[in-house]
Amino acid sequence: MTFRAGILTVSDKGAAGEREDTSGAAIRELLEPIASIEDYEIIPDEAATIRGRLGAWADEAKLDLIVTTGGTGLGPRDVTPEATREVIDYEVPGLAEAMRAEGLKHTPLAMLSRAVTGVRGRTLIVNLPGSPKGVRENLVAILPVLPHALELLRGDRSEHKSG
């Protein structure tokens with residue numbers, strides 16, 4: 001089953017055309033086996049813009065999955081987690097915990113990630129770090145459970161797979 005996904009890169013420099021979006025490309029590569037990338041955009045680190053795009057993609061485009069990259073650190077412009085929390089109905093903390101645990105296997109800096117995962121309507125929203133390395137480590141950690149999570153959100157299945 002193919003899911004409909006969107007990739008939202010949050011980067012001031014990327015939005016200004018000053019930086020190539022290698023993180024968005026890494027997400028695309030990892031998601032293509034399970035999802036059709038329906039939307040892709042690079043936007044600046046502005047909370048209102050992030051909220052607007054997440055809401056429109058979930059409510060109007062009815063995407064199954066939105067994956068963001070960037071804006072999850074401690075910098076003054078890193079507002080992706082706050083913007084995400086403002087639009088989701090509820091968090092899915094186990095995904096974020098799994099991503100940070102996997103990141104810690106590679107660098108102690110992973111504990112500084114403030115990435116959020118949550119659901120708006122029937123759309124799963126996942127925040128990833130801004131680096132291609134962080135994107136790969138984090139997304140690979142949760143990729144095995146994403147199809148099941150997205151099926152549950154669609155209402156396609158009620159039974160739970162055992163591990």
Side-chain angles (χ1 to χ4, degrees), residues 1-11 14-15 21 23-73 78-103 113-130 132 134-163:
M1 171 178 300
T2 300
F3 300 99
R4 299 176 64 245
I7 300 169
L8 187 64
T9 298
V10 180
S11 166
D21 183 21
S23 297
I27 294 169
R28 180 180 298 272
E29 176 188 321
L30 290 168
L31 284 184
E32 281 184 335
I34 67 161
S36 167
I37 309 304
E38 304 287 324
D39 285 297
Y40 167 74
E41 192 171 347
I42 304 172
I43 61 172
D45 293 87
E46 298 289 345
T49 305
I50 298 166
R51 286 191 309 268
R53 194 64 71 245
L54 294 175
W57 285 5
D59 301 346
E60 297 161 26
K62 304 264 189 240
L63 297 180
D64 298 302
L65 174 66
I66 301 170
V67 180
T68 72
T69 175
T72 61
D78 291 335
V79 297
T80 303
E82 288 76 22
T84 300
R85 277 195 180 96
E86 289 180 32
V87 301
I88 59 175
D89 300 323
Y90 57 91
E91 289 192 40
V92 184
L95 292 175
E97 291 163 8
M99 293 189 305
R100 278 187 276 279
E102 179 60 29
S113 170
R114 299 180 311 109
V116 171
T117 54
V119 173
R120 178 181 176 106
R122 292 184 178 262
T123 303
L124 179 63
I125 300 173
V126 175
N127 296 162
L128 295 177
V135 160
R136 289 182 189 283
E137 291 167 3
N138 281 243
L139 194 49
V140 164
I142 65 169
L143 207 51
V145 302
L146 285 183
H148 182 64
L150 298 173
E151 288 170 354
L152 290 171
L153 285 171
R154 275 187 177 173
D156 288 350
R157 59 180 349 148
S158 57
E159 76 278 1
H160 294 278
K161 294 180 179 180
S162 59

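As the structure is a computational prediction, the values presented were derived from the model and not from experiment.
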Could you tell me which residues satisfy salt bridge (Lys or Arg N to Asp or Glu O under 4.0 Å) with [X], sequence neighbours excluded, listed by chain and number?
{"X": "Arg28", "result": "none"}
{"X": "Asp59", "result": "Arg120"}
{"X": "Glu97", "result": "none"}

According to side-chain hydrogen bond (donor to acceptor under 3.5 Å, both in side chains), does anything in residues 43-52 pair up with another residue at least two apart or in another chain? List the pairs.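 Listed once each, the pairs are Glu46-Arg77, Arg51-Glu86.
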Value rounded to 0.5 Å, distance of [atom1] in [X] from [atom2] in [Y]:
{"X": "Thr84", "Y": "Arg114", "atom1": "OG1", "atom2": "CZ", "answer": "10.0 Å"}
{"X": "Ile66", "Y": "Ile125", "atom1": "CD1", "atom2": "CD1", "answer": "4.5 Å"}
{"X": "Ile42", "Y": "Thr9", "atom1": "CD1", "atom2": "OG1", "answer": "5.5 Å"}
{"X": "Leu30", "Y": "Asn138", "atom1": "CG", "atom2": "CG", "answer": "11.0 Å"}
{"X": "Ser36", "Y": "Leu63", "atom1": "OG", "atom2": "CG", "answer": "9.5 Å"}
{"X": "Phe3", "Y": "Ile34", "atom1": "CZ", "atom2": "CD1", "answer": "6.5 Å"}

Between [X] and [Y], which heavy-atom pair has the shortest distance, and what is it?
{"X": "Asp39", "Y": "Ala61", "value": "OD2-CB, 3.9 Å"}
{"X": "Arg100", "Y": "Ala115", "value": "NH1-O, 3.1 Å"}
{"X": "Ala35", "Y": "Ala5", "value": "CB-CB, 3.8 Å"}
{"X": "Glu137", "Y": "Glu102", "value": "O-CG, 3.4 Å"}

Do the non-hydrogen side-chain atoms of [X] and [Y] ever get within less than 4.5 Å of each other?
{"X": "Val119", "Y": "Leu153", "value": "yes"}
{"X": "Leu65", "Y": "Leu150", "value": "yes"}
{"X": "Val126", "Y": "Ile142", "value": "yes"}
{"X": "Asp21", "Y": "Ser11", "value": "no"}
{"X": "Leu128", "Y": "Ile27", "value": "yes"}
{"X": "Leu54", "Y": "Leu8", "value": "yes"}
{"X": "Ile37", "Y": "Ile7", "value": "yes"}
{"X": "Asp78", "Y": "Thr72", "value": "no"}

According to salt bridge (charged side-chain N to carboxylate O under 4.0 Å, His left out), does anything in residues 60-72 pair up with another residue at least two apart or in another chain? List the pairs.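 Those involving residues 60-72 are Asp64-Arg154.
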Would Asn127 and Thr80 count as a side chain to side chain donor-acceptor pair (under 3.5 Å) here? Give the steps. CA-CA 7 Å; Asn127 296 162; Thr80 303; 6.0 Å; no
Taking Val116 as the fixed residue, which of Ile88, Thr68, Leu95 is the one that meets the side-chain contact (heavy atoms from CB on, under 4.5 Å) rule?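 Only match with Val116 under side-chain contact (heavy atoms from CB on, under 4.5 Å): Ile88.
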Under the side chain to side chain contact (heavy atoms under 4.5 Å, CB included) test, which residues partner Val79, sequence neighbours left out?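 With sequence neighbours excluded, Val79 shows a side chain to side chain contact (heavy atoms under 4.5 Å, CB included) to Ala47, Ile50, Glu82, given in chain and number order.
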